[in-house]
Amino acid sequence: MYLSKVIILSLLLYSCGMKEDQADKDNNLSADSSSIASHSPLQERALDILSQYMKDGAINTDDSDMPIQGNASTFDFSKNDFAIVDSVDIISRRVIELLKQGKNHNALVLLEKERACFYAHPANSLSNEIDLHCLYIDLFDEFYGDEMYYQKALELLEISVSHMERVEEDTGEEYYYHEILMTKLDYVHSCLDTSQHILRVRFLK
């Protein structure tokens with residue numbers, strides 16, 4: 001039997017607990033939900049996370065009291081960066097609009113399709129990347145079964161570990177989240193090993 005996915009979500013969510021505690025994060029919307037309430041936990045997390053990649057401005061929604069204060073403009077961009085910055089800004093706003101409309105699956109499809117754009121963004125620090133992956137994992141939990149969930153989570157963890165190793169090589173210091181990230185990587189590997197074993201047993205029967 002699988003270990004609880006909530007363990008991964010709670011421990012990965014918001015790198016090293018630097019953000020607010022998300023004790024209510026597991027109040028996920030059901031997959032067949034037709035609408036998402038304004039200021040829902042998922043939408044608020046998306047606003048918080050995606051704003052790190054966005055330019056200053058406000059989302060074009062009916063909720064005028066929900067501005068997006070983009071942080072990406074605080075980074076120094078080269079000429080080649082502006083196209084990716086503009087693209088990610090548009091993608092981020094579209095994702096937030098889809099979540100507001102309750103189209104969570106569409107938001108996930110868009111995020112997965114455009115994931116490389118976020119990685120190429122100048123604001124994709126390791127901390128921001130881990131937070132971004134947490135948003136993906138929230139949506140994976142809503143739509144994917146256990147095996148696919150762990151496969152997808154493993155892919156994101158391996159990307160963050162690779163990013164972390166580059167940071168550590170550049171700084172000559174161990175990243176403060178190193179031990180936790182590696183523990184999560186081992187945990188997901190163990191979940192997948194269990195999954196594959198169960199599937200083989202069922203197949204043999």
- prompt: Same hydrophobic cluster for I90 and L99, using side-chain heavy-atom links shorter than 4.5 Å among ILVMFWY?
  reply: no
Query raised in the report: Is a donor on one side and an acceptor on the other found under 3.5 Å between the side chain of T171 and the backbone of V167?
Result: yes
Check whether any side-chain heavy atom of E142 lies under 4.5 Å from a side-chain heavy atom of L42, and answer yes or no. yes
**Prompt:** I84 versus P122: any side-chain heavy-atom pair under 4.5 Å?
**Reply:** yes
Ion pair E97/R94, N-O distance below 4.0 Å: yes
Side-chain heavy atoms of V188 within contact of E158, under 4.5 Å: no
Between D131 and Q52, does a side chain to side chain donor-acceptor pair (under 3.5 Å) hold up when you go through it step by step? CA-CA 10 Å; D131 286 346; Q52 303 301 319; over 6 Å; no
Any chance you could lay out the side-chain contact (heavy atoms from CB on, under 4.5 Å) test for E173 and E168, step after step, and finish with the verdict? CA-CA 5 Å; E173 298 179 357; E168 291 177 337; over 6 Å; no
Between the CG atom in L139 and the NZ atom in K152, the distance rounded to the nearest 0.5 Å is 12.0 Å
Could you check whether the rings of F140 and Y144 sit parallel, tilted or perpendicular, using 30° and 60° as the cut-offs? tilted
Sub-4.5 Å side-chain heavy-atom contact between S127 and Y176:
yes
No-hydrogen, no-angle side-chain donor-acceptor test under 3.5 Å, Y149 and D141:
no
Rounded to the nearest 0.5 angstrom, the CG-OG1 distance for L157 and T183 is 11.0 Å
- Are the aromatic rings of H163 and Y177 close, with centres under 6.0 Å apart? no
* **Side-chain donor/acceptor of H121 to backbone N/O of V85, under 3.5 Å** => no
- Message: Is there a salt bridge (charged side-chain N to carboxylate O under 4.0 Å, His left out) between R115 and E155? Walk through the geometry before answering.
- Response: CA-CA 12 Å; R115 196 175 72 193; E155 181 183 3; 2.7 Å; yes
Separation between CG (L111) and CD1 (I91), nearest 0.5 Å, reads 8.5 Å
Correct closest heavy-atom pair for L50 and S92 would be CD1-O, 3.8 Å
dist Q43:CD -> N104:CG (nearest 0.5 Å) comes out at 9.5 Å
Before giving the answer on side-chain contact (heavy atoms from CB on, under 4.5 Å), spell out for M164 and M182 the whole-Å C-alpha distance, their side-chain angles and the decisive distance to 0.1 Å. CA-CA 10 Å; M164 178 180 68; M182 296 308 295; 4.0 Å; yes
When every non-hydrogen atom of A123 is compared with those of N128, the smallest separation belongs to O-ND2, 2.8 Å
Worksheet item: If you group Ile, Leu, Val, Met, Phe, Trp and Tyr by side-chain heavy-atom gaps below 4.5 Å, do V109 and Y136 land in one group?
Response: no
- [ ] For the pair L185 and L154, evaluate side-chain contact (heavy atoms from CB on, under 4.5 Å) and give the outcome as yes or no after the intermediate values.
- [x] CA-CA 7 Å; L185 185 65; L154 177 61; 3.6 Å; yes
Distance col, row F118:CZ vs L135:CG, nearest 0.5 angstrom, shows 8.5 Å
In short, H105 meets F143 closest at the heavy-atom pair N-CZ, 3.3 Å
Distance col, row I130:CD1 vs I49:CD1, nearest 0.5 angstrom, shows 11.5 Å
Item checked: D89/R93 ion pair, N-O < 4.0 Å -> yes
Check step by step if side-chain contact (heavy atoms from CB on, under 4.5 Å) holds for M54 and I96.
CA-CA 12 Å; M54 294 174 63; I96 291 167; 4.3 Å; yes
Problem set entry | Test item: S51 side-chain N/O and D48 main-chain N/O as donor-acceptor pair under 3.5 Å | yes
